[in-house]
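Working notes for the structure below.
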Amino acid sequence: MAKAGCRGAAGRFVQQNRILEQHHPGASRHPSSSRRGKRFSSISPYWDSTGIRRRMTNQVRVRFAPSPTGYLHVGGARTALFDWLYARKTGGVFILRIEDTDTERSSDEMTTGILESMTWLGLTWDEGPFLQSDGVDRHRATAERLVESGHAYRCFCPAEAIEQKRQEAAARKTDFKYDRTCLRLGPEEVRGRLANGEKAVIRFKVPQGAVTFKDAVIGDITIAGETIEDFVLVRSNTQPTYHLSVVSDDIEMRITHVIRGADHVNNTPKQILLYQALGATLPVFAHVPLILGPDKTRMSKRHGATSVQSYAEQGIIPEAFRNFLALMGWSPGNDQELFDTEELIRCFSLEGISRTNAVFNPEKLAWFNLQYIQKLPDEKLIAYVKPEFEKAGLWKDEFQTEKYAWFCSMLALLRPRAKTLLEFPRQARMFIIDAVEFDPAAVEKSMNDPSIRRNLAALGQRLEALPDFTHDAVEATIRGLATELGIKPGALMSGARVALTGQSVSPGLIETMLVFGREKTISRLLHIGPQ
RNA sequence: GGCCCCAUCGUCUAACGGUCAGGACGUGGCCCUCUCAAGGCCAAAAUACGGGUUCGAUUCCCGUUGGGGCUACCA
């Protein structure tokens, strides 16, 4: 692929990668993840079993943190790709963390599916996958520290009451924020009510003043503190919430760059406030634009195929999908579109990320797929295509042994016509099965003239007499016979096409004959099947 | 409703004050040709609107409009 210069390294926003402070004094060991049966790697490299903190470096550490409430969708995959690319680009570490703290909606099957999709895409992670739920004790401890330091407080207000007020405010079309009733509670009262068994949440006490941060892709973003509600850190059932868990984990994992979807920009001020309250150094935030459906609304189930898995099932190859995804919201700054892995890594930069949402374009994906299919080495193509042939009941092991060369020559005919892997068995069928499956319309179109059978038989005889069954010899024979018969070569060829394949469309006739082989070609011309 | 963000061909995008606004997908035409593809060539197609700033705005500023996101004891 063309070697081209990429966007300069001088960034739109150059921000120093600072080392995150390790601030957790009594960081306990990661509990093992046997809670729900299935066990994912839970060995954390951040601190070893002796409790000795690892040497800190200024190495980039990025994470992809999907929640296993569904399959990996294209938006998530694109985010993961950018995370991965940035880590590879900088020689950093790519961490996978499963945010499964919503126990209601999370499932192990989804986690497995996400892992499979990432593997399919070749997005290999260096650490993890960690389960966020393994950190709940630490998350709770973090919240307690915030209460102790006066950054958070317990709130006894019933959720229903707040929800009702919220509804009322919405009906009135006015803004609603929790009124901080419980902020005024004295420590005695809090203790008393807790001792009484009253349920409480822990809320973050949002400080006065605006929060400003420099997003690596969007730029400066400022949000007035007054618009941020005292959000819940720990639920009344003691489950930590998202904001707390993410910040606690990102600090713990020493994440230097938070690259995630733009749907998180409004969460960022809350999280920044948490970092500050915890005395931790901020990571660089980079919010990548969203991927939209054709109707320009956020991709969802009603847009049809949105999971990575569904594209794999549709015969898209991972290299193509990845290349396509990379160009959704990122550009190298020039006209290059086809990138192999190394080029992609070399050219990728946060500066090249767009600020505009992108509409998913399946047609362009198909084009990328075609491009990649053309270039795939035979071995690799066969590996991709084999399962499809098996599904269609057309696979034979000899394709990889005695008939390997033949199989490759057939694939060569099919390639330029294949936009997806699924088309290979479909098109290869006529080369593999013994019978000819005649398409009535094709027969009607090219075989209705009674002379055509005679002519094809004549062609069969000539080919039989040919010393060498080669492309040039066959072509000369066909053209010669057509001239003698006073018909167009095309008429003879379309008849031969139907006699051989049963179809009116196929790869080049002569190439097709060569793949069928001399015997089959001649016998089909001499003895045209039914009809 | 409030808050945040965004705005170049239908779509993905290039342009970082001066270009005939470039490329790609898709679309149309032509070429190649035994059909279908692939490939080659050509074409149509955009700076949302209104104000500024400037010798000069796609580019900088403001407003309008449009779009998206967030607005939970979801993540």
Side-chain angles (χ1 to χ4, degrees), chain A residues 12 65-69 99-102 104-106 132 155 158-159 162-163 166 169-177 199 201-203 215 218-219 221-224 226-229 231-237 239 241-243 245-246 261-269 287 289-290 292 294 296-298 324 327-338 354-368 370 374 413-419 427 442 445-446 475 478-479 482 488-498 501 503-510 512:
Chain A
R12 220 188 283 156
S67 62
T69 54
E99 309 221 318
D100 60 342
T101 50
D102 183 349
E104 297 292 300
R105 302 193 301 145
S106 297
Q132 184 159 64
C155 168
I162 294 176
E163 186 49 36
R166 212 184 292 280
R172 258 181 285 120
K173 290 189 185 295
T174 57
D175 209 7
F176 174 80
K177 260 171 60 187
K199 296 279 186 202
V201 299
I202 296 176
R203 281 185 187 274
D215 187 276
I218 300 169
I221 296 173
T222 299
I223 290 169
E226 303 77 60
T227 65
I228 306 173
E229 182 175 46
F231 54 98
V232 172
L233 258 22
V234 179
R235 302 183 180 97
S236 52
N237 67 1
Q239 284 298 316
T241 64
Y242 165 72
H243 292 295
S245 305
V246 184
D263 49 339
H264 286 290
V265 302
N266 288 291
N267 292 330
T268 307
H287 289 96
L290 269 19
L292 274 24
K296 302 216 179 178
T297 62
R298 219 231 266 242
F324 168 71
L327 260 14
M328 296 282 295
W330 172 80
S331 157
N334 56 36
D335 290 340
Q336 186 176 355
E337 297 210 283
L338 264 8
S354 161
R355 286 171 298 273
T356 325
N357 291 166
V359 174
F360 188 85
N361 182 353
E363 252 127 33
K364 191 144 187 178
L365 206 211
W367 178 79
F368 273 108
L370 181 103
Q374 305 319 307
L413 288 194
L414 270 26
R415 275 186 202 249
R417 278 155 262 261
K419 278 191 171 160
Q427 305 295 330
K445 189 179 167 197
S446 305
E475 177 158 24
I478 292 171
R479 292 186 186 282
K488 287 194 207 162
L492 191 58
M493 290 173 99
S494 56
R497 169 170 290 109
V498 177
T501 70
Q503 308 293 314
S504 56
V505 300
S506 81
L509 207 227
I510 298 157
T512 300

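Chain A is the first sequence line, chain B the second, and so forth, proteins listed ahead of strands; every chain is numbered from 1.
Comparing B:G69, B:A72, B:U13 by their closest approach to the side chain of A:L290 singles out B:G69. Closest to the side chain of A:T356, out of B:A7, B:G39, B:C25, is B:A7. With distances taken from any side-chain atom of A:I221 to the nucleotides B:C5, B:U35, B:C25, the minimum falls on B:C5. The nucleotide whose nearest atom lies closest to any side-chain atom of A:N266 is, among B:G69, B:C6, B:U11, B:G69. Residue A:S354 has its side chain nearest to B:U13 when only B:U13, B:A75, B:C3 are considered. Of the candidate nucleotides B:C25, B:U11, B:C73, B:C73 has the atom lying nearest to any side-chain atom of A:R203.
Contacts of A:T297 with the nucleic acid, taken as non-hydrogen atoms under 4.0 Å apart, involve only primed sugar atoms and P, OP1 or OP2. Using a 4.0 Å heavy-atom distance criterion, A:L509 is classed as a base contact. Looking at heavy-atom distances under 4.0 Å, A:G329 makes contact with sugar-phosphate atoms alone, never a base.
Listed pair A:R166 / B:A72 meets the phosphate criterion, a side-chain N or O lying under 4.0 Å from OP1 or OP2. The shortest distance between the side-chain N/O atoms of A:T101 and the OP1/OP2 oxygens of B:A75 is below 4.0 Å. Applying the 4.0 Å criterion to OP1 and OP2 of B:C34, one finds that A:R479 has a side-chain N or O inside that range. Here A:R298 reaches the OP1 or OP2 of B:C70: one of its side-chain N or O atoms lies under 4.0 Å away. Dashed line: the shortest gap from a side-chain N or O of A:K296 to OP1 or OP2 of B:G10 is not under 4.0 Å.
Evaluation of atom-type donor-acceptor distances gives a pair under 3.5 Å for the side chain of A:D175 against the base of B:G1. No hydrogens or angles were tested; on distance alone, a donor-acceptor pair under 3.5 Å links the side chain of A:R497 to the base of B:C34.
Regarding A:D215, its CG atom lies at a distance of 18 Å from the P atom of B:G69, rounded to whole Å. If you take NE2 of A:H287 and C1' of B:C70, they are 11 Å apart, rounded to a whole angstrom. Atom CG of A:N357 and atom C1' of B:C4 are 13 Å apart (whole Å). In this structure, NZ of A:K173 is placed 14 Å from C1' of B:U71, rounded to the nearest angstrom. Note: NZ (A:K419) to P (B:G39) measures 9 Å, nearest angstrom. Rounding to whole angstrom units, CG of residue A:L365 and C1' of B:C12 are separated by 12 Å. Separating the CG atom of A:D335 from the P atom of B:U19 is a distance of 18 Å, rounded to the nearest angstrom.
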Just the table, please: protein N/O against nucleotides 62-66 of chain B N/O, every pair under 3.5 Å.
none

